[in-house]
Amino acid sequence: QVQLVESGGGLVQPGGSLRLSCAASGFTFSYYSMNWYRQPPGKERELVASISDIGSRTDYADSVKGRFTISRDNAKNTVYLQMNNLKPEDTALYYCNTRLRGHDSWGQGTQVTVSS
């Protein structure tokens, strides 16, 4: 009964900010690394950011370094993606992801559109 539910997407102007949230349930959240992926229109899904189980390690795609911050609140079973200085190239469906029992679990995605 693993569930990942993203929220926080929307339409924002270039240079603006959004904070995405992913609410997790159905597994022991604090035991697992969490990831944010995105899929721009017409392109393949790509890994944006990852965070280790207690948040001690984070990794980012080169395209978002210095602009995006991944964080987690294990008490709330929630992972966040703070996105600053958004660019049109950031427009995509953003997905929360984790891997457990040998399989990837995905949320339904939340749309981020960056446009003037």
Side-chain angles (χ1 to χ4, degrees):
Q1 75 279 28
V2 172
Q3 286 195 339
L4 302 171
V5 181
E6 302 96 333
S7 62
L11 176 64
V12 65
Q13 296 184 71
S17 297
L18 286 172
R19 188 175 79 153
L20 307 184
S21 298
C22 172
S25 62
F27 64 102
T28 306
F29 181 75
S30 62
Y31 288 2
Y32 294 90
S33 296
M34 299 296 297
N35 312 295
W36 284 99
Y37 284 76
R38 68 185 182 188
Q39 187 165 23
K43 299 181 180 179
E44 295 185 350
R45 192 172 298 187
E46 64 178 354
L47 179 63
V48 175
S50 300
I51 188 166
S52 59
D53 53 359
I54 61 170
S56 58
R57 178 186 63 78
T58 57
D59 293 289
Y60 300 92
D62 288 343
S63 58
V64 307
K65 285 180 180 176
R67 300 188 298 119
F68 290 13
T69 302
I70 189 171
S71 61
R72 67 192 296 160
D73 186 339
N74 285 347
K76 296 182 178 179
N77 286 179
T78 302
V79 62
Y80 305 95
L81 186 67
Q82 178 67 46
M83 306 185 295
N84 297 326
N85 191 23
L86 283 160
K87 303 176 179 181
E89 311 92 88
D90 297 318
T91 295
L93 270 169
Y94 283 73
Y95 296 91
C96 183
N97 160 269
T98 193
R99 187 170 181 87
L100 71 166
R101 303 182 186 95
H103 295 91
D104 283 298
S105 294
W106 301 90
Q108 83 290 344
T110 186
Q111 177 68 40
V112 172
T113 301
V114 185
S115 177
S116 59

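Treat the numbers as computed from the prediction; the structure is a model and nothing was measured. Here, residue 1 is the first one in the sequence, and each next residue gets the next number.
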Without swapping roles, check the side chain of [X] against the backbone of [Y] for a donor-acceptor pair under 3.5 Å.
X	Y	result
Glu46	Arg38	no
Glu6	Cys96	yes
Arg72	Ser52	yes

Hey, quick one: are [X] and [Y] part of the same hydrophobic cluster, counting side-chain heavy atoms closer than 4.5 Å, chains of contacts allowed?
X	Y	value
Tyr32	Leu47	no
Leu86	Leu11	no
Leu4	Val48	yes
Met83	Ile70	yes
Leu100	Val5	no

Do you know the tightest heavy-atom contact between Arg99 and Gly102? NH2-O, 2.6 Å
Testing the basics here: between Val112 and Gly9, what is the closest heavy-atom pair and its distance to 0.1 Å? CG2-CA, 4.1 Å
Does Asp90 come within less than 4.0 Å of Lys87, counting only side-chain N to carboxylate O? no
Distance in Å, [X] [atom1] paired with [Y] [atom2], rounded so as to fall on 0.5 Å steps:
X	Y	atom1	atom2	value
Ser30	Asn77	OG	CG	7.5 Å
Thr98	Tyr31	OG1	OH	14.0 Å
Thr113	Leu93	OG1	CG	8.5 Å
Asp53	Met34	CG	CE	11.5 Å
Ile54	Ser33	CD1	OG	10.5 Å
Tyr60	Arg67	OH	CZ	12.0 Å

So Ser50 and Asn35, do their side chains get closer than 4.5 Å, heavy atoms only? yes
Do Thr91 and Ser115 have side chains that approach each other closer than 4.5 Å (heavy atoms only, starting at C-beta)? no
Can you give the donor-acceptor pairs under 3.5 Å from side chains of residues 14-27 to other protein atoms, not counting sequence neighbours?
from	atom 1	to	atom 2	distance (Å)
Ser17	OG	Asn84	OD1	2.9

Verify the neighbour count for atom CD of Gln108: are there more than 12 heavy atoms of other residues, nucleotides or ligands below 6.0 Å? yes
Under the ring pair (Phe, Tyr, Trp, His ring centres under 6.0 Å) definition, can you give me all pairs with a residue in residues 91-116, not counting sequence neighbours? Tyr37-Trp106
